[in-house]
S.K.: 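My questions all concern the structure below.
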Amino acid sequence: MQFRIIEWDQGWNFIQEGIMNLKRRIAEGLPENQVSAAEILDTYTTIYNMCTQKPPYEYTESLYDRYKRTFEEHITSTVLPSLKAKPNEFLLQEFVKSWRDYKVMLWWMSRSFAYLDRYFLNRRSLPGLKEAAVKYYRDLVYREVNAIVREAAIRLIDKEREGGEIDRALLKNVIDIFVEIGAGRRDAYEKDFEGYMITDTRDYYSRKASRWILEDNYTNYMLKVEECLRRERDIVSHYLHPSSEKMLVETVKHWLAVYANQLIGKKRSESGCGGDCLTVDNIEELSKNFIAAVVLEQQVPAQCSTLIQQAEDAAMQE
């Protein structure tokens, strides 16, 4: 049974009032699970009626256009200005907040406008409600700020490598957005974050190792190798995507091995010894041997004072 006709202005004003009320509550920190079913049902019913009225009062296509425009206007009027006003770590916090709030808005809107998904968009081969909204965020927000977000995130990673305290949970939330924005694929994460992070890692350890070979003997250098590899795996476990571990660790091993071989070459030239070079495959095993030797030397110094020297000599024969 069809109820009284809902004119466009009357119906859209009611829907818009619900949207504005939602946005006010989101700004106050409304979590997704506190949106009431009654609010959604009232809006859904209005939209359903406006879509099932006979022409010229059937407003399905107009409602879909307004649905998309609502997200576009929210981004240009609220999201982007807030992001552009924040520097460095505050930008990362705002980036995470904007995506969280956007998903709450999307949750409410997609349920309120759900009739369009079921009975209009499939017939027209148009993007679904969630797909259309995520595309707006990706095109208007993510593409605008992902480079500066990435730079700020990589600075935090380097800060942790230097022993500084960082907000790991914040960093994980940021990196999760790079994954989520790819709609189930890792292409955005790999292209817009991972590749740059690996390049920074290479440069970071190239700088560090080139200084360490001037400051440290071979034993101390290998102790640092073990610590670096442990730390990089820790970084992956706390906030990077697990798929990054192999490439990240191999990059670190490669550059630490390059400079370790310079130390070996120097010692060979002094002693006249020969032998093969360290490789990515054996540098970690040797670094663990040095850790074990140092620990044992600390525990039983009289019996083990020669172990580290023996480990160094063995490395030169690798």
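Hydrogens, waters and symmetry mates play no part in the numbers below; they use all other heavy atoms, side chains included.
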S.K.: Would you say M20 ends up clustered with W107 if hydrophobic residues are merged whenever their side chains have heavy atoms under 4.5 Å apart, either directly or through other cluster members?
M.R.: no
S.K.: Do the non-hydrogen side-chain atoms of T251 and E232 ever get within less than 4.5 Å of each other?
M.R.: no
S.K.: Where is the tightest heavy-atom contact between L129 and D117, given as atom of each residue plus distance?
M.R.: N-OD1, 3.2 Å
S.K.: Sequence neighbours left out, what passes side chain to side chain donor-acceptor pair (under 3.5 Å) with E58? Give chain and number order.
M.R.: T60
S.K.: Do N173 and W99 have side-chain heavy atoms sitting under 4.5 Å apart?
M.R.: no
S.K.: Does a side-chain heavy-atom distance below 4.5 Å link L171 with D167?
M.R.: no
S.K.: Is there a side-chain contact between R66 and W8, using heavy atoms and a 4.5 Å cut-off?
M.R.: yes
S.K.: Rounded to the nearest 0.5 Å, how far does CZ of F71 lie from OG1 of T76?
M.R.: 13.0 Å
S.K.: By salt bridge (charged side-chain N to carboxylate O under 4.0 Å, His left out), which residues pair with D234, not counting sequence neighbours?
M.R.: R168
S.K.: Under 4.5 Å side-chain heavy-atom separation, chaining through any Ile, Leu, Val, Met, Phe, Trp or Tyr, what else clusters with Y48? Say none if it is isolated.
M.R.: Y44, Y115, Y119
S.K.: Minimum heavy-atom separation for Y218 and A260, please, with both atom names.
M.R.: CE1-O, 4.1 Å
S.K.: F14: what forms a ring-ring contact (aromatic ring centres under 6.0 Å, His included) with it, not counting sequence neighbours?
M.R.: none
S.K.: Should E39 and R25 be marked as a salt bridge (Lys or Arg N to Asp or Glu O under 4.0 Å) after you check the CA-CA gap, both sets of side-chain angles, and the distance that decides it?
M.R.: CA-CA 13 Å; E39 291 176 274; R25 292 167 64 194; 2.7 Å; yes
S.K.: Just jot down the salt bridge (charged side-chain N to carboxylate O under 4.0 Å, His left out) partners of K159, sequence neighbours excluded, or say none.
M.R.: none
S.K.: Quick one: side chain to side chain donor-acceptor pair (under 3.5 Å) partners of D216, sequence neighbours excluded?
M.R.: K224
S.K.: Measuring from L170:CG to I175:CD1, what's the distance to the nearest 0.5 Å?
M.R.: 9.5 Å
S.K.: Quick check: is Y64 connected to Y57 through a chain of hydrophobic side chains (ILVMFWY, heavy atoms under 4.5 Å apart)?
M.R.: yes
S.K.: Would you say that R202 contacts T199 through its side chain, given a criterion of any heavy-atom pair below 4.5 Å between the two side chains?
M.R.: yes
S.K.: Enumerate the residue pairs fulfilling ring-ring contact (aromatic ring centres under 6.0 Å, His included) with a member in residues 139-169, sequence neighbours excluded, ordered by first and then second residue.
M.R.: Y142-F178
S.K.: Measuring only between side-chain heavy atoms, which start at C-beta, is N220 closer than 4.5 Å to W212?
M.R.: no
S.K.: Hey, does the side chain of R230 reach the backbone of E226 with a donor-acceptor pair shorter than 3.5 angstrom?
M.R.: no
S.K.: Quick one: pull up CD1 in I75 and CG in L80 and give me the separation to the nearest 0.5 Å.
M.R.: 7.0 Å
S.K.: Could you check whether any side-chain N or O of N21 sits under 3.5 Å from a backbone N or O of E17, counting only pairs where one atom can act as donor and the other as acceptor?
M.R.: no
S.K.: Please walk me through it: do F120 and L126 pass side-chain contact (heavy atoms from CB on, under 4.5 Å)?
M.R.: CA-CA 9 Å; F120 174 68; L126 293 169; 4.0 Å; yes
S.K.: Identify the heavy atoms of T43 and S112 that sit nearest to each other, and give their distance.
M.R.: CG2-CB, 3.8 Å
S.K.: Test: ring-ring contact (aromatic ring centres under 6.0 Å, His included). Region: residues 229-250. Which pairs qualify, not counting sequence neighbours?
M.R.: Y189-H241
S.K.: Would you name the heavy atoms of E160 and R231 that are closest together and state the gap between them?
M.R.: O-CD, 4.2 Å
S.K.: Other residues, nucleotides and ligands only: do more than 12 of their heavy atoms fall within 6.0 Å of CD on E215?
M.R.: yes
S.K.: Start with the C-alpha distance between W108 and V104, add both sets of side-chain angles, then the distance that settles side-chain contact (heavy atoms from CB on, under 4.5 Å), and finish with yes or no.
M.R.: CA-CA 6 Å; W108 188 92; V104 175; 5.9 Å; no
S.K.: Within the 4.5 Å heavy-atom criterion, are Y221 and L256 side-chain neighbours or not?
M.R.: yes
S.K.: Does one hydrophobic cluster hold both I5 and M50, with members joined at side-chain heavy-atom distances below 4.5 Å?
M.R.: yes
S.K.: Distance-only check: which donor-acceptor pairs under 3.5 Å involve side-chain atoms of residues 81-94, not counting sequence neighbours?
M.R.:
unit_1 : atom_1 : unit_2 : atom_2 : d
S82    : OG     : T78    : O      : 3.0
N88    : OD1    : R155   : NH2    : 3.1

S.K.: Would you sort out whether R161 and D200 count as a side-chain contact (heavy atoms from CB on, under 4.5 Å), showing the intermediate values?
M.R.: CA-CA 12 Å; R161 286 171 175 154; D200 175 79; 3.5 Å; yes
S.K.: To the nearest 0.5 Å, how far apart are OG1 in T70 and CG in D65?
M.R.: 10.5 Å
S.K.: Going through the checks in order, is the side-chain contact (heavy atoms from CB on, under 4.5 Å) test met by K103 and E180?
M.R.: CA-CA 11 Å; K103 288 194 293 184; E180 290 178 37; 3.2 Å; yes
S.K.: Heavy atoms, side chains only, cut-off 4.5 Å: are I15 and L63 in contact?
M.R.: yes
S.K.: Short question: side chain of N49, backbone of T45 - any donor-acceptor pair under 3.5 Å?
M.R.: yes
S.K.: What's the shortest heavy-atom distance between S243 and R186, and which atoms?
M.R.: OG-NE, 3.3 Å
S.K.: Hey, is D203 close enough to R207 for a salt bridge, meaning N to O under 4.0 Å?
M.R.: no
S.K.: What's the spacing between E151 CD and N146 CG if we round to 0.5 Å?
M.R.: 9.5 Å
S.K.: Go through the structure and list residues passing side chain to side chain donor-acceptor pair (under 3.5 Å) with Y67, not counting sequence neighbours.
M.R.: none
S.K.: Are K97 and D101 ion-paired here, with the side-chain N under 4.0 Å from a carboxylate O?
M.R.: yes
S.K.: Give me the atom names and distance for the closest heavy-atom approach of K130 to S110.
M.R.: CE-OG, 3.9 Å
S.K.: Can you list everything that forms a side chain to side chain donor-acceptor pair (under 3.5 Å) with Y102? Sequence neighbours excluded, please.
M.R.: none
S.K.: Just by modelled atom types, is the D192 backbone N or O under 3.5 Å from a matching donor or acceptor in the R150 side chain?
M.R.: yes
S.K.: In Å, rounded to the nearest 0.5 Å, how long is the span from NZ of K68 to CE of M109?
M.R.: 12.0 Å
S.K.: With side chain to side chain donor-acceptor pair (under 3.5 Å) as the rule and sequence neighbours excluded, what pairs involving residues 131-141 come up?
M.R.: S98-Y137, K135-D139, D139-R143
